[in-house]
Asks: 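What follows is a single structure, and I will ask about it in a moment.
Below, all heavy atoms of this structure are taken into account, side chains as well, without hydrogens, waters or symmetry copies.
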Amino acid sequence: MAIITNAPRGTQDVLPSQSYKWQYIEQTALDIARLHGFREIRFPVFEHTELFNRSVGDTTDVVQKEMYTFEDKGGRSITLRPEGTAGAMRAILQNGLLNDALPLKASYLISCFRYEKPQAGRLREFHQFGVEMAGAGSYAADAQVIALAKAIFDALGIEGLALELNSIGCPTCRAEYHKALREYFAAHRDQLCDTCKGRLEKNPMRILDCKNPACAEIAKGAPVVLDYICDDCRAHFEGLKSNLDAMGIAYTVNPTIVRGLDYYTRTVFEFVTTGIGAQGTVCGGGRYDGLIELLGGQPTPSVGFAMGLERLLLVMEQQGCGFAPEQKCTMYIGSIGAAAQQKAAGLTAALREEGFYVECDAVGRSVKAQMKYADKLGAKFSCILGDNEIEAGKVRVKRMDKGEITEVALDREALVQYIYHNTIDEIVEYDQETK
RNA sequence: GUGGGUAUAGCGUAGUUGGUUAACGCGUCAGUUUGUGGCACUGAAGACCGUGGGUUCGAAUCCCACUAUCCACCCCA
């Protein structure tokens with residue numbers, strides 16, 4: 001079969017047999033966030049390019065080489081969102097949401113686009129769940145946001161994610177630190193890799209993150225941010241740590257976490273795993289106290305995180321986590337002949353109104369083939385309607401797992417009663433299991 | 001952007017000293033006597049062997065290029 005074209009590079013289809021996993025993850029994240037007071041916000045897939053240049057930072061890799069940017073027919077420069085925070089914050093500002101009681105708490109479930117080389121856990125179109133908490137500058141807000149991420153992982157049954165924490169200070173003390181770093185690395189300039197030589201001027205903190213063995217070795221002796229942050233930033237960081245301790249959330253301080261987006265200040269954190277390949281960051285976030293002001297609003301401190309849904313799914317599959325199982329067909333109503341087909345269609349519609357998942361023949365198959373199909377659907381019950389049944393007003397309903405056949409009156413209420421009585425045991429069992 | 005692996009029906013695979021109709025499993029569809037699934041059996045559909053060049057009498061098989069995909073670097077979720 002000749003297909004016109006394949007899906008674009010780095011994109012992925014989610015097939016009907018897999019979509020329930022996505023629905024489960026999405027619903028769980030949304031629900032848990034709701035318990036923490038975060039309500040969903042939706043905003044455009046594309047924004048003015050300027051928004052990302054300004055907020056994400058025009059020296060970052062994301063902006064410099066990974067954005068899907070194009071000119072629309074009105075001559076505007078438009079960019080497919082490479083992340084969620086910029087758009088969410090823009091929407092929050094534009095709609096005046098910060099005029100209500102603060103903090104403003106919002107969650108989002110979005111697709112993002114980055115022109116990168118695809119790899120395990122890295123796609124060109126990928127999906128994120130994230131939250132923003134604006135108007136709360138306290139370390140307590142950081143702790144709550146981190147606790148929410150943790151709660152979502154727990155609810156999904158994910159284990160063993162390591163929380164790594166760092167503070168990169170505020171713009172004032174970070175300038176001090178940059179200076180110290182430049183001095184240190186300048187002394188080792190010859191041993192640095194080429195990219196790091198470039199980073200020396202633009203963003204020396206990135207050198208700390210370099211995987212090149214030579215750079216990593218030099219970085220070991222480099223000044224540590226935490227030694228340079230100002231008293232306020234230090235107090236914030238210490239407060240966060242003790243708050244996490246109080247909540248029983250384990251973490252390690254990792255001074256090399258830097259984050260690739262410019263808007264971060266003070267707290268930065270990641271939840272990482274080693275089980276799904278090289279792209280082990282499942283969730284990343286931090287504080288961005290200057291972002292709203294940068295976008296033209298009043299100075300408003302904010303925190304948030306984003307988690308990669310594809311990576312979350314990889315971790316869950318790797319760990320054998322359960323997903324809410326797909327709903328199986330409750331009843332298959334087969335038929336022989338046109339009159340019976342009509343009757344079956346009517347009954348099917350009626351039982352669907354009752355909230356049952358019911359199927360009937362749409363192909364015109366033989367009785368035997370219809371039964372096979374019912375079996376493939378995993379139908380709990382089946383029956384076959386023909387002239388005899390219509391005349392007698394009764395139908396033989398088969399319970400597929402046991403093969404038992406019961407004669408039931410051919411009407412909506414009788415069938416509902418039958419289904420109810422034959423599934424009540426399972427409902428009770430299920431309730432007991434979930435208690 | 002830089003490396004390395006891979007590319008044969010929907011899925012998973014076989015197919016080397018290059019030689020006629022490209023094989024197998026799963027899946028799909030139909031049937032195995034009259035209106036009842038799972039097992040078994042029979043049969044059918046389904047492949048321009050990634051694309052384009054080249055070598056050769058002859059290429060799924062050898063060579064080159066391209067593309068896609070996977071993994072890693074990089075970057076990040």
Asks: What contact category does A/Ala306 fall into here, base, sugar-phosphate, or nothing, at under 4.0 angstrom with non-hydrogen atoms?
Replies: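 Touches sugar-phosphate only.
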Asks: Side chain of A/Val367 only, heavy atoms from C-beta on: which candidate in B/G35, B/U69, B/G37 is closest?
Replies: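 The closest nucleotide is B/G35.
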Asks: Can you tell me the distance, in whole Å, between the CZ atom of A/Arg122 and the P atom of B/C74?
Replies: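 Roughly 10 Å, once rounded to whole Å.
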Asks: Please determine whether any donor N or O and acceptor N or O are separated by less than 3.5 Å between the side chain of A/Gln119 and the base of B/C74.
Replies: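 For A/Gln119, whose side chain was compared with the base of B/C74, there is a donor-acceptor pair (under 3.5 Å).
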Asks: Applying a 4.0 Å non-hydrogen cut-off, can you work out what A/Gln12 is touching in the nucleic acid: base, sugar-phosphate, or nothing?
Replies: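 Contact class for A/Gln12: none.
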Asks: Given that both distances must come in under 3.5 Å, which nucleotide forms a Watson-Crick or G-U wobble pair with B/G19?
Replies: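 With both distances under 3.5 Å, B/G19 matches B/C57.
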Asks: Would one find a side-chain N or O of A/Arg311 under 4.0 angstrom from OP1 or OP2 of B/C76?
Replies: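 No, no such contact exists.
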Asks: Looking across every strand, which nucleic acid part, if any, lies under 4.0 Å from A/Gly334 by heavy atom: base, sugar-phosphate, or nothing?
Replies: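 The answer is nothing, as A/Gly334 stays clear of every strand by at least 4.0 Å.
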Asks: Send over the distance from A/Asn388 CG to B/U36 C1', rounded to a whole Å.
Replies: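 Rounded to the whole Å, the gap is 14 Å.
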Asks: What nucleic acid atoms does A/Gly10 come within less than 4.0 Å of, heavy atoms only: base, sugar-phosphate, or nothing?
Replies: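 Answer is sugar-phosphate: A/Gly10 comes under 4.0 Å of backbone atoms only.
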Asks: Has A/Arg81 got its NZ or CZ under 6.0 Å from the middle of the six-membered ring of A/Phe46, at an angle within 45 degrees of the ring axis?
Replies: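 No cation-pi geometry.
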Asks: For B/G31 and B/A45, measure between their C1' atoms and round to the nearest Å.
Replies: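 The answer is 14 Å between these two C1' atoms.
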Asks: Using whole Å, report how far CD1 of A/Ile257 lies from P of B/A77.
Replies: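 So the CD1-P distance, A/Ile257 to B/A77, works out to 11 Å.
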Asks: Specify the separation, in whole Å, of atom CZ of A/Phe271 and atom P of B/A77.
Replies: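 From A/Phe271 CZ to B/A77 P: 14 Å.
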Asks: Among B/G37, B/U36, B/A77, which nucleotide has an atom closest to any side-chain atom of A/Thr281?
Replies: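 Nucleotide nearest to A/Thr281's side chain: B/A77.
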Asks: By a 5.5 angstrom centroid cut-off and a 30 degree plane limit, is there stacking between A/Tyr373 and B/G37?
Replies: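 A/Tyr373 ring does not meet the centre or angle cut-off for B/G37; no stack.
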Asks: Please step through ring-ring contact (aromatic ring centres under 6.0 Å, His included) for the pair A/Tyr68 and A/Tyr115, ending with a clear verdict.
Replies: CA-CA 7 Å; A/Tyr68 279 91; A/Tyr115 191 84; 5.8 Å; yes
Asks: Suppose you measure atom C1' in B/C11 against the same atom in B/U55; what distance do you get, rounded to whole Å?
Replies: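 Taking atom C1' in both B/C11 and B/U55, they lie 35 Å apart.
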Asks: Separation of A/Leu123 atom CG from B/C76 atom C1', in whole Å?
Replies: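 It works out to 12 Å between those atoms.
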Asks: If we take the C1' atom in both B/U8 and B/U16, what is their distance in whole Å?
Replies: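 It works out to 16 Å between them.
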Asks: Between A/Tyr108 and A/Phe129, does the ring centre distance come in under 6.0 Å?
Replies: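 So the answer is no for these two rings.
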Asks: Which is more 5' along RNA chain B, the nucleotide nearest A/Gly284 or the one nearest A/Ile276? Just name the residue.
Replies: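 The residue closer to the strand's 5' end, by nearest nucleotide, is A/Ile276.
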Asks: Check A/Glu83 with A/Arg114, please: is the shortest side-chain N to carboxylate O separation under 4.0 Å?
Replies: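 Salt bridge: no.
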Asks: Choosing from B/C29, B/A77, B/A72, which nucleotide comes nearest the side chain of A/Ala120?
Replies: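 The nucleotide sitting nearest to the side chain is B/A72.
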Asks: Check every atom of B/U36, B/A77, B/A68 against the side chain of A/Ile384 and return the nucleotide holding the closest atom.
Replies: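 Nearest nucleotide to the side chain: B/U36.
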Asks: Answer yes or no on whether A/Arg124 is positioned over the face of A/Phe113, meaning its NZ or CZ is under 6.0 Å from the six-membered ring centre and within 45° of the axis.
Replies: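 The answer is no, since A/Arg124 fails at least one limit relative to A/Phe113.
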Asks: Of the nucleotides B/C29, B/G35, B/C76, which has the atom closest to the A/Val62 side chain?
Replies: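 Nearest nucleotide to the side chain: B/C76.
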Asks: Tell me which nucleotide, if any, is Watson-Crick or G-U wobble paired with B/A44 when both distances must be under 3.5 Å.
Replies: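 Partner of B/A44: B/U28.
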Asks: Below 30° counts as parallel, above 60° as perpendicular, anything between as tilted: where do the rings of A/Phe269 and A/Phe305 land?
Replies: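 Taking A/Phe305 first and then A/Phe269, their aromatic rings stand perpendicular (interplane angle over 60°).
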Asks: Rounded to whole Å, how long is the line connecting atom CG of A/Asp13 with atom C1' of B/U69?
Replies: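 The answer, rounded to whole Å, is 14 Å.
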Asks: In the structure shown, which nucleotide is the Watson-Crick or G-U wobble counterpart of B/U6, with both distances under 3.5 Å?
Replies: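 Its partner is B/A68 (Watson-Crick or G-U wobble, both distances under 3.5 Å).
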Asks: For B/G1, give the paired nucleotide (Watson-Crick: N1-N3 plus N6-O4 or O6-N4; G-U: N1-O2 and O6-N3; both under 3.5 Å), or none.
Replies: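 By the stated definition (distances under 3.5 Å), B/C73 pairs with B/G1.
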Asks: If I pick the P atom on B/A23 and the same atom on B/U56, what distance separates them, to the nearest angstrom?
Replies: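 Taking atom P in both B/U56 and B/A23, they lie 30 Å apart.
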Asks: Using the C1' atom as the point on both nucleotides, what is the distance between B/U69 and B/C29, in whole Å?
Replies: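 Looking at atom C1' only, B/C29 and B/U69 are 31 Å apart.
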Asks: For nucleotides B/C39 and B/C66, find the distance between their P atoms and express it as a whole number of Å.
Replies: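 These two P atoms come out 49 Å apart once rounded.
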Asks: So which one's nearest nucleotide on RNA chain B is more toward 5', A/Thr60 or A/Arg396?
Replies: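 Mapping each residue to its closest nucleotide by heavy atoms, the 5'-most match is A/Arg396.
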Asks: Flag the pair A/Lys105 and A/Glu132 as a salt bridge only when some basic side-chain nitrogen lies within less than 4.0 angstrom of an acidic carboxylate oxygen.
Replies: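 The answer is no: the pair does not qualify as a salt bridge.
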Asks: Check the orientation of A/His188 and A/Tyr184. Use parallel for under 30°, tilted for 30 to 60°, and perpendicular for over 60°.
Replies: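 Tilted: the ring planes of A/His188 and A/Tyr184 meet at 30° to 60°.
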Asks: Of the nucleotides B/U32, B/C73, B/C70, which one has an atom closest to the side chain of A/Ala278?
Replies: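 Of all the options, the side chain of A/Ala278 is nearest to B/C73.
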Asks: What is the distance, rounded to the nearest whole Å, between atom NZ of A/Lys117 and atom C1' of B/A68?
Replies: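 Going from A/Lys117 (NZ) to B/A68 (C1'), I get 12 Å.
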Asks: The side chain of A/Ala369 lies closest to which of these nucleotides: B/A72, B/G35, B/A30?
Replies: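 Output: B/A30.
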Asks: Identify whether any heavy atom of A/Gly277 sits under 4.0 Å from a base atom; if not, whether one sits that close to sugar-phosphate; answer base, sugar-phosphate or nothing.
Replies: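 It contacts sugar-phosphate atoms only.
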Asks: What distance, rounded to whole Å, do you find between the two P atoms, one in B/A30 and one in B/U21?
Replies: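 One P to the other, the span is 32 Å.
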Asks: If you check the A/Met400 side chain, which of B/G37, B/G35, B/G31 turns out closest?
Replies: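 Ranking B/G37, B/G35, B/G31 by closest atom to the A/Met400 side chain puts B/G37 first.
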Asks: Any side-chain N or O of A/Lys376 under 4.0 Å from OP1/OP2 of B/C29?
Replies: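 Checking A/Lys376 against B/C29: at least one side-chain N or O falls below 4.0 Å of OP1 or OP2.
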Asks: Taking atom P in both B/U6 and B/C64, compute the distance separating them and give it to the nearest angstrom.
Replies: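 Straight-line distance between the two P atoms is 13 Å.
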Asks: Go through the N and O atoms of the side chain of A/Glu116 and the base of B/G1, and report whether any donor-acceptor pair is under 3.5 Å.
Replies: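 There is none.
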Asks: Just the rounded figure in Å: distance from P of B/C70 to CD of A/Gln279.
Replies: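 One finds 13 Å between P of B/C70 and CD of A/Gln279, rounded.
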